[in-house]
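In what follows, a structure is listed as structure tokens, so that the remarks can point back to it.
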Amino acid sequence: MRAFADLLDRLSLTNSRNAKLVILRDYLRATPDPDRGWALAALTGGLTFDAAKPAMIRKAVQSRVDPVLFGWSHDFVGDLAETVALIWPRDPSYRPNREPELSEVIDALSQAKRTEVQALLEGWLDALEPKGRWALLKLLTGALRIGLSAQLARTAVAMLRPEVLTSPPDPDGGEETTRVEPLSVADVVEVWNEVKPPYADLLAWAEGHGPRPDTEAPGRFRQVMLAVAIDEAVDFARMAPADYAVEWKWDGIRVQAVREAGVCRLYSRHGDEITGAFPDVIQALAFEGAIDGELVVMRDGQIAPFGDLQQRLNRKTVDAKLTTAFPCAIVAYDLLAEAGEDLRPLPLSDRRARLERVVAEHQGERLSLSPVVAFETWEGLAILRADPPVGAAAEGLMLKRWDSAYVAGRPKGPWFKWKRDPHTLDCVLMYAQRGHGKRSSFYSDFTFGVWTEEGALTPVGKAYFGFTDEELKQLDKFVRDHTTERFGPVRSVRAERDFGLVLEIAFEGLQRSPRHKSGVAMRFPRVSRIRWDKPAREADTHDAVMDLLDQIERGGGRVAQAKS
């Protein structure tokens, strides 16, 4: 457990992406099986413990620490695992033995009944030092928050492959070396869903002394092809409009739908299986192959705003009420395989023709075709991008060379994304809350509002990114210097007509929301600029927000019928 705790600690305190990769690679090289595989599963979200709940942590610590003291400590620290790790008092009767190994903890949690978890937890907390307790609790809750994505962890696995392999010396000579093929993250992702924790076969293959895990099983994930952001000042000058197919960048999530030999699966763009959350979609698909597309909520042939899709995301299962209220469908971009044939090496023009036939033959409303946008010049396309007929249902355009093969990763040149410019509003800072992890000592989550007709502020959103580290320090100081009330980890900040901090907020869209006091919800709000120069009274009004919402709704929602 100590090595795993050291790993999490180093990763949480390291900002550099490359440094994180080296730290994880070195850990995987130095740690034996199965501990290193279980650590990899924890880092990539592959571990869940049904019997263990965060409430058990609170119950355990409050059995040994005054609840009021614990509450104050939690408010100050801002992170449950860190608070418990620091405040936990050992049982006076405890006699040190040894720290548990990571694999021991996972085995015990996997087999424990709910009534047994608290006793296990208390025993481990007694046996571990603060850093180990923190790692244990992070493992238990699954909320690692160490700045390492699952994709980055897979990249570290790819880095395990040595340039050469050395065989043991034989009686007649010295060591023999064999040069091996390098491993890419695309190779790792390709096999990821076919291996299970603790990944002994995956890691042996990555290190070059084991066979490649079988990936030819039906229903496997194919690594997706991604686009690069277009540089309008440079790229258009060397691109011919006739060479590119243009589609709308639909406002959903990228998915891969696979039906092969009776195996039906739905994957996210990173290869995580999400079939269980969208059974209505996968059961309605009848093609034989693999389709790359966008998962959206579709009503009467129109793509609903992203906020509707959010009602179904991040769920393991859904009920009939939710599937009826938010019917999902796939808007198809590409055909990667058909009837056992790999189509990825073919040019887009050929794949597109076959995709059109597959969609045309498909029954039902769960699969449609992303239409090609007609245009003649880049200038004309820019006009469409600025005022699309699909409005809020699209967040920009995709430009794809007709002769491009489907290549894993993000190659420069074949595909470009040209996103719409974000909306912006000037809002007044109202509340601030402590962050988590490395930000737990800063006020980094900001609630902001706009002026009503009565001259009061009404909150319209919350942002926790978009600013630099130096700007975060300035915002934190402003919050501390101008706090008017405190509510646990939240502070109310002075905000009046004649005094307040204006934040320019950028966001991707608005939608009506009866759950919010203002009646609206923002999509992806972030701080684009701190308006130290602007008086609070000159911030935007609620009427301006509603006018913008009306404009978005009047221009949005129409989507060309895919099969026509």
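The side-chain tip of R161 points at the ring of W205 from less than 6.0 angstrom away and within 45° of straight on. Under a cutoff of 6.0 Å and an axis angle of 45°, R133 and W124 do not form a cation-pi pair.
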Could you walk me through whether L139 and V105 pass the side chain to side chain contact (heavy atoms under 4.5 Å, CB included) check? CA-CA 10 Å; L139 176 70; V105 171; 4.1 Å; yes
Derivation and outcome, side chain to side chain contact (heavy atoms under 4.5 Å, CB included), residues D33 and Y199: CA-CA 9 Å; D33 293 323; Y199 304 124; over 6 Å; no
Show your working on side chain to side chain donor-acceptor pair (under 3.5 Å) between N18 and S16 and close with a plain yes or no. CA-CA 5 Å; N18 290 338; S16 167; 5.2 Å; no
Please evaluate residues E101 and S103 with respect to the criterion side chain to side chain donor-acceptor pair (under 3.5 Å), reporting the C-alpha separation (whole Å), side-chain torsions for both, the decisive distance (0.1 Å), and the verdict. CA-CA 5 Å; E101 297 294 337; S103 54; 5.9 Å; no
Is there a salt bridge (Lys or Arg N to Asp or Glu O under 4.0 Å) between D272 and R154? Walk through the geometry before answering. CA-CA 12 Å; D272 301 316; R154 294 167 189 150; 3.1 Å; yes
Going through the distances and angles, do D201 and K196 end up as a salt bridge (Lys or Arg N to Asp or Glu O under 4.0 Å)? CA-CA 9 Å; D201 51 350; K196 303 299 179 186; over 6 Å; no
Verify side chain to side chain contact (heavy atoms under 4.5 Å, CB included) between R114 and M56, making sure each step is shown before the conclusion. CA-CA 9 Å; R114 185 167 297 185; M56 296 178 181; 3.1 Å; yes
If you apply the rule salt bridge (Lys or Arg N to Asp or Glu O under 4.0 Å), what do you find for E496 with R494, and how did you get there? CA-CA 7 Å; E496 305 163 357; R494 183 183 174 190; 3.4 Å; yes
Residues Y443, R480; criterion side chain to side chain donor-acceptor pair (under 3.5 Å); working and verdict: CA-CA 8 Å; Y443 287 91; R480 294 176 188 274; 5.1 Å; no
Check the pair E470 / T468 against side chain to side chain donor-acceptor pair (under 3.5 Å), numbers first and verdict last. CA-CA 5 Å; E470 183 58 36; T468 65; over 6 Å; no
Test E104 against R98 for salt bridge (Lys or Arg N to Asp or Glu O under 4.0 Å), laying out the working first. CA-CA 12 Å; E104 293 178 34; R98 66 176 183 85; 2.9 Å; yes
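No donor-acceptor pair under 3.5 Å is formed between the side chain of R529 and the backbone N or O of A506. The backbone N or O of D91 lies less than 3.5 Å from a partner atom in the side chain of D126, making a donor-acceptor pair. Using a distance-only test at 3.5 Å, with no hydrogens or angles considered, no donor-acceptor pair links the side chain of T83 to the main chain of V77. Side-chain atoms of H542 come within 3.5 Å of backbone atoms of S518 as a donor-acceptor pair (strictly under, hydrogens ignored). In this structure a side-chain-to-backbone donor-acceptor pair under 3.5 Å is present from K20 to L11. Of the possible polar contacts, one joining the R526 side chain to the F524 backbone as a donor-acceptor pair under 3.5 Å is found. Put simply, the side chain of T31 never gets that close to the backbone of D35: no donor and acceptor are under 3.5 Å apart. Panel note: side chain R385, backbone K419; a donor-acceptor pair is recorded below 3.5 Å.
V296 and G252 get closest at one heavy-atom pair: CG1-CA, 4.1 Å. A206 approaches P162 most closely through the heavy-atom pair O-CD, 4.3 Å. Between R25 and M159, the closest heavy-atom pair is CD-O, 3.7 Å. Taking every heavy atom of both residues into account, L160 and L203 meet most closely at CD1-CD2, 3.8 Å. Counting all heavy atoms, side chain and backbone alike, S268 lies closest to F221 at O-CE1, 3.5 Å. Of all heavy-atom pairs between L226 and R254, the closest is CD2-NH1, 3.7 Å.
Taking the ring centroids of F467 and F446, they lie under the 6.0 Å cut-off. Taking the six-membered ring where the residue is Trp, the centroids of W250 and F306 are separated by 6.0 Å or more.
In this structure, F70 and H74 have parallel ring planes: the angle between them is below the 30° cut-off, well short of the 60° mark.
For the residue pair S184/D187, the side-chain donor-acceptor check at 3.5 Å is satisfied. Checked by atom type, the side-chain pair T275/E273 shows a donor-acceptor distance below 3.5 Å. For the 3.5 Å distance criterion, the side chains of S528 and E504 qualify, holding a donor opposite an acceptor. For W134 and D9, the side-chain atoms include no donor-acceptor pair closer than 3.5 Å. The closest side-chain donor-acceptor pair between S492 and T484 falls under 3.5 angstrom. Side chains of R491 and T483: a donor on one and an acceptor on the other come within 3.5 Å.
Residues that satisfy the ring-ring contact (aromatic ring centres under 6.0 Å, His included) test with H423, not counting sequence neighbours, are F507.
More than 12 heavy atoms of other residues, nucleotides or ligands lie within 6.0 Å of CZ in R531, so this atom counts as buried by the packing criterion. Atom CG of D469 sits in a sparse spot, with 12 or fewer heavy atoms from other residues, nucleotides or ligands closer than 6.0 Å. Heavy-atom contacts from other residues, nucleotides or ligands closer than 6.0 Å to OH of Y464 number 12 or fewer.
Between D445 and R434 there is no salt bridge, since no side-chain nitrogen of the basic residue lies less than 4.0 Å from a carboxylate oxygen of the acidic one. Salt-bridge formation is detected for the pair K138/D79: a Lys NZ or Arg NE/NH1/NH2 atom is positioned less than 4.0 Å from an Asp or Glu carboxylate oxygen. Using a cut-off of 4.0 Å between Lys/Arg side-chain N and Asp/Glu carboxylate O, K59 and E122 are scored as not salt-bridged. Under 4.0 Å is where a charged nitrogen must lie from a carboxylate oxygen, and between E395 and R420 no such pair does.
Inter-residue side-chain proximity for H270 and V189 is flagged as unmet; no heavy-atom pair is nearer than 4.5 Å. Side-chain contact between W192 and T44 is present, with heavy atoms from C-beta onward closer than 4.5 Å.
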For residues 425-433, run the donor-acceptor check on the side chains, cut-off 3.5 Å, and write out each pair with its distance to 0.1 Å, sequence neighbours left out.
residue	atom	partner	partner atom	Å
D426	OD2	K534	NZ	2.5
Q433	OE1	K462	NZ	3.1

